[in-house]
Peer 1: 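Next up is a structure, given as structure tokens.
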Amino acid sequence: MKLLPFEKPLAELYDKIAQLRKLSIEGNIDLSSEIEKIESRAEQVRKEIYTNLTPNQIVQVARHPHRPDTASLIRLIFDTFVELHGDRLFGDDPAIVGGIATLGKFRVVVMGHQKGHDTKENIHRNFGMPNPEGYRKALRLMEMADRFRMPIITFIDTPGAYPGIEAEERGQAEAIARNLREMAGFTVPIISFVIGEGGSGGALGIGVANRLYMLQNAVYSVISPEGCASILFRDSKKSDIAADAMKITATEIMKLGIADGIIQEPLGGGHHDWKMVAQRIQETVQAELLNFKSLSGNEIKAQRYAKFRAMGRFLEPLE
Amino acid sequence: MSIIDWFAKKEKSTGSSERLNIPGDVWVKCTSCSEILFQKDLESNQKVCPKCGFHFRISPEERIRYTFDTNTFIEKDTTLGPTDFLRFFDTESYADRIRKAQSKSGKNDAVVSGTASINGLPVNTAIMNFAFMGGSMGSVVGEKITRIIERSVEDFKPVVVFTSSGGARMQEGIMSLMQMAKTSAALERLTEQRVPYISVLCDPTTGGTSASFAILGDINIAEPGALISFAGPRVIEQTIRQKLPKGFQRSEFLLAHGMVDMVTDRRELKTTLSTILTTLSIPREPI
Ligand SMILES: [Zn+2]
């Protein structure tokens, strides 16, 4: 498992453990108590590191190459899943996966941004950065969900919508904007989870939800910390300051009233235990689907509108 | 995102028209063709270069003068103002940026909104102001746009919005992103009520503004030569590492790619809007 830069103290301990193991085998000596000591020390260090992560370190966890991805989570969470492809207009975007799924007696439409775990996968998935056809595929599936009275579950994990020539030609802005407007009109519940990176409009494009959850080490921001740093701080290396200033962590997003809940990850980040992450998301999905069962379509739509209508902080003194 | 380009430009030149160092400020050099223009001539031509047709950026006051019937504009939500709720600090605090922008412009934030008439037709309208922090959309812009749309949901007056914005306002963090959803959700209600919404996209309309209410008009009208994009040209160049074609992301490019209905000269805009609104509006009993 790739260790992150701030996990360096751990790397040293792990190296030591490996050395002792080797020594114990080669020299045929019992070093198990020494090894155990270092292992428990490592566990202690890991706890210390992970209870005090800075926003910038959380960004690194959110982007960990082995972080659980949408397609894997879907397979772990749902009983059945049938992937569906294409926007019926231009093509099929591998940066967004989606389809129909069941969970117990619930039928849902589920979709999310898809990142890869290695270079080859990431090139295929465009690093989770959709083109317009990705958003249009998502909309097609959501419209179908609305028609067949199926709740919509979305997983958000993208650096942002793809900034490319063809994306602009095919109307990236229009594709995202249309989704924002149409999602506001659906009469089935929309439950969204930020599982990794919630990058700007590209994240929101499948995130106009009745309920929004964030994984503990997920982030959600209007622009990447690097982008913000290069514009406002004139130095992309100041992304740690930008990550802090923009308030992008799950705790902060919840404080601001944008997220409704935080899903705890295993110690050391979600990449250590995909199944645990999946199970916790599954429990939340089930609970939310039950919650919304008693609401009418119009109530569901009104609840979503009221949620977004209340977003904004401004002053309005009397005239 | 594409507010990057605004900052880049800002470093090179200040404002949209280069004023010559002549007392009285009576001469202006055209940004596009470099023609020396008499300020008064330019103003009487709605700030369109008489020689090359270049459209200078204009203030909300100028927009109101050029587009609406005389003295029909009534501003609403005048006291709505921004607040530095994140205590955001980059090279200076957001609170200071707000104060500076307010004292320079005499405005609370980057949009002016209200009611007005176009050739006798009443509309709810909003005009974005690029001179105020790059026209960036924070909570105030989102709220004012949402309010005029909601008024139209009630009174059925068509909505006309003039956009000019570098995108979301980073100093308001995630809250600025959410204004995209808020304004678009209001438009969903408007659509349901079958009230026309005309979006006039002016230079520049990028990032979060373009990817929400700006592009969602029943009819999208672009001013000539306006930069209209999701990702800014600089971001795209950095991503793909090649030069962008000439005219990329300009109004005419968007027209060719089916994203706007027309590119309309500012001097024709009032007539065009009036014709469209008359044709589009469902006859209703006045309320
Ligand atoms: Zn000129």
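As a basis for the values below, the full set of heavy atoms in this structure was taken, side chains included, without hydrogen atoms, waters or symmetry mates. Proteins get letters first, then strands, A, B, ... in listed order; numbering begins at 1 in each. Only a predicted model underlies this, so the values are computations on that prediction, with no experimental measurement involved.
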Peer 1: Is a side-chain donor or acceptor of A:Lys247 paired with a backbone partner of B:Leu86 at a separation under 3.5 angstrom?
Peer 2: no
Peer 1: Given that the side chain runs from C-beta out, which part of A:Lys301 has a heavy atom under 4.5 Å from chain B: side chain, backbone, both or neither?
Peer 2: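 Only the side chain of A:Lys301 comes within 4.5 Å of chain B.
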Peer 1: Give, as side chain, backbone, both or neither, the part of B:Glu237 having an atom under 4.5 angstrom from any heavy atom of chain A.
Peer 2: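 Neither part; nothing is under 4.5 Å.
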Peer 1: Can you name the closest pair of heavy atoms from A:Val208 and B:Ala181 and give their distance?
Peer 2: CG2-CB, 4.2 Å
Peer 1: As an exercise, state the distance from CE of A:Met246 to CE of B:Met170, rounded to the nearest 0.5 Å.
Peer 2: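 CE of B:Met170 is found 8.5 Å from CE of A:Met246.
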Peer 1: Specify the closest pair of heavy atoms between B:Ala211 and A:Leu180, including all atoms of both residues, with the distance to one decimal.
Peer 2: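 It is O-CD1, 3.6 Å.
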Peer 1: I'd like to know which of B:Leu254, B:Ile228, B:Thr239 tops the heavy-atom pair count under 4.5 Å against chain A.
Peer 2: B:Thr239
Peer 1: To the closest 0.5 Å, what do you measure between CZ (B:Phe230) and OH (A:Tyr162)?
Peer 2: 13.0 Å
Peer 1: Examine whether an atom of B:Phe85 lies under 4.5 Å from a heavy atom of chain A, and if so say whether it belongs to the side chain, the backbone or both; otherwise answer neither.
Peer 2: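 Side chain of B:Phe85 only, per the 4.5 Å heavy-atom cut-off to chain A.
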Peer 1: Is it the side chain or the backbone of A:Leu204 that comes within 4.5 Å of chain B heavy atoms, both, or neither?
Peer 2: side chain
Peer 1: Looking at B:Thr78, B:Asp90, B:Val140, which has the largest count of heavy-atom pairs under 4.5 Å with chain A?
Peer 2: B:Asp90
Peer 1: Can you tell me if A:Gln172 uses its side chain to pair, donor with acceptor, with the backbone of B:Ala231 under 3.5 Å?
Peer 2: no
Peer 1: Taking all non-hydrogen atoms of both residues into account, name the closest pair between B:Met175 and A:Leu256 and its distance.
Peer 2: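 What the structure gives for the nearest pair is CE-O, 3.7 Å.
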Peer 1: Go through B:Gln179, B:Met180, B:Gln242, B:Arg189 and name the one with the most non-hydrogen pairs under 4.5 angstrom from chain A.
Peer 2: B:Arg189
Peer 1: For each of A:Gly198, A:Ser224, A:Gly205, A:Gly185, tally heavy-atom pairs with chain B at distances under 4.5 Å, and name the one with the top tally.
Peer 2: A:Gly185
Peer 1: Run the salt-bridge test on B:Lys76 and A:Glu316 with the 4.0 Å N-O cut-off and return the result as yes or no.
Peer 2: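 Looking at B:Lys76 and A:Glu316, the cut-off is not met.
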Peer 1: Is a side-chain donor or acceptor of B:Thr83 paired with a backbone partner of A:Phe314 at a separation under 3.5 angstrom?
Peer 2: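 Not a single qualifying donor-acceptor pair exists.
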Peer 1: Under 4.5 Å from any heavy atom of chain B, what part of A:Arg304 do you find: side chain, backbone, both or neither?
Peer 2: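 No part of A:Arg304 comes within 4.5 Å of chain B.
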Peer 1: CD1/A:Ile165 to CZ/B:Phe248 distance, rounded to the nearest 0.5 angstrom?
Peer 2: 5.0 Å
Peer 1: Taking side chain as everything from C-beta outward and backbone as N, CA, C, O, which of these in B:Ala256 sits under 4.5 Å from a heavy atom of chain A? Side chain, backbone, both or neither.
Peer 2: neither
Peer 1: Check whether A:Tyr305 gets within reach of chain B through its side chain, its backbone, both or neither, counting any heavy atom under 4.5 Å.
Peer 2: side chain
Peer 1: Could you tell me whether A:Arg313 and B:Glu143 have a side-chain N and a carboxylate O separated by less than 4.0 Å?
Peer 2: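 No salt bridge links A:Arg313 with B:Glu143.
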Peer 1: Tell me, for B:Thr191 versus chain A, whether the close heavy atoms (under 4.5 Å) come from the side chain, the backbone, both or neither.
Peer 2: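 For B:Thr191, the contact with chain A is made by the side chain alone.
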Peer 1: Quick check for you: among B:Thr146, B:Asp109, B:Ile174, B:Leu244, which has the greatest number of heavy-atom pairs under 4.5 Å with chain A?
Peer 2: B:Ile174
Peer 1: List the atom of A:Pro163, the atom of B:Val235, and the distance in Å for their closest heavy-atom pair.
Peer 2: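 So the minimum-distance heavy-atom pair works out to CB-CG1, 3.9 Å.
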Peer 1: Is the side chain of A:Glu174 donor-acceptor paired with the backbone N or O of B:Met259 at a distance under 3.5 Å, no angle test?
Peer 2: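 Side chain of A:Glu174 to backbone of B:Met259, a donor-acceptor pair under 3.5 Å: no, none is there.
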Peer 1: Given that the side chain runs from C-beta out, which part of A:Ile253 has a heavy atom under 4.5 Å from chain B: side chain, backbone, both or neither?
Peer 2: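 A:Ile253 touches chain B through side-chain heavy atoms alone.
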Peer 1: Looking only at non-hydrogen atoms, find the nearest pair between A:Cys228 and B:Phe88 and report the distance.
Peer 2: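 Here A:Cys228 and B:Phe88 meet closest at SG-CZ, 4.2 Å.
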Peer 1: What pair of heavy atoms forms the shortest contact from B:Arg147 to A:Arg309, and how long is it?
Peer 2: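 Looking at all heavy atoms of both residues, the shortest contact is CG-NH2, 3.7 Å.
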